[in-house]
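In listed order, ligands and their atoms are each counted from 1.
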Amino acid sequence: MKAWRVYGAREMRLDDVPYPKLELDSVIVKVKTVQVSVTEAQQFYSDFLASEKWVKRFKDEGPRLMYGHEFSGEIVEIGKNVKDFKISDHVFWGKSQPCGECEACQAGYGLYCTNHKLIGFHVPGCLAEYSTIDAAFLVKAQNCTDSEVAALQPITAALSGLVSAEMSIGDTVVVFGLGVMGLLTAQLCKAAGASTIIGVDIREESLRLGHELGVDIVVNAKKINPINEIQNATGNFGVDVVFECAGGSTRVGLAGTKTLAQAGSAAHPGGKVVISSIPEPDAKLDLTPLTSKNIQYRGRGHQTEEQLQWAIHLVETGQVKIAPLVTHVLDGIDKVPEAIEITLHKGKYAAIGPAQVVISI
Ligand SMILES: [Zn+2]
């Protein structure tokens, strides 16, 4: 079968590899649709895999079946110990797996395990025609299209931001960044009962789509100071919850730490800022909003099975829409590099979500 293997920093090849081996606790999925996440694409083109540790690893272990954690797969074989799935179920990666061994896990804080096993990183991902996956990672989504299922994993990440924020009905919300995370977060906030959602971005197509998907007030930060606009909209008070979904490396068009700084000004005293973006490792945060206004900064954790099922239900019933976020769909496993190029330069290609690749139908 065909699979993309990573040979080192910025080097990926489409190889003929053996069909995966079924394990007792695993299933084999036929990959239907896959999308290379923004995070994966950024990491592949960064110096991450050029570090001494990774160079040695590639030398000792050879090329790896990396990336491809956002996929829809159809189960074609089931391991003997797997009880919750059947042949032909459609699945995606929805559940992180705590290591069970670290101090957090041993103390009963598995949701905060820092050694979570990740599909496409610690275990093979789905830039392949078939993949063997531990069933504990997987979640069924029977009433969605393959394209929707492939895009469900980011919803689990967006949802973990809402869980972390402890949202209440009637909360006022600002979402910085109306990319995939921001647009999903905004839709989830609407479904969770937010009263007013203010969306901030610098791309007109994202702002337009945000408005169509339920964002009440859209602010183009290229034209207007977003903090002034947020203060005007809230009687100079600020909002209950800010989701910062725009930060990250400016080399790939993200906002750096600018929106992280603005988030503290957008929340009212005692309000919450959830950092949903992945700031660069050396990013610095001014803590004045914390010390002067008691702003609570929060990260993202993981979510329960019930919360995950709620999110899938919202997609199945059309309350959270994924299709408008999927702007580019390519046919055939050989198109993965093209999909990465589009995903890394979404502005240039007028893309909203990552480009999808249909591996099989
Ligand atoms: Zn652990």
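- With the Zn ion (ligand 1) as vertex, Cys113 SG and Cys99 SG subtend 110°, rounded to 10°.
- Residues Gln142 and Asp89 have side chains that bring a donor and an acceptor to within less than 3.5 angstrom of each other.
- For Cys105 atom SG and Cys102 atom SG, the angle they make at the Zn ion (ligand 1) is roughly 110°, to 10 degrees.
- Taking 2.8 Å as the threshold, His116 does not count as a candidate ligand of the Zn ion (ligand 1), since none of its N, O or S atoms lies below it.
- Using modelled atom types and a 3.5 Å distance limit, the side chains of Glu244 and Tyr297 yield no donor-acceptor pair.
- Salt bridge Lys348/Glu341: present, at least one basic N to carboxylate O contact under 4.0 Å.
- No hydrogens or angles considered: a donor-acceptor pair under 3.5 Å links the side chains of Thr172 and Asp240.
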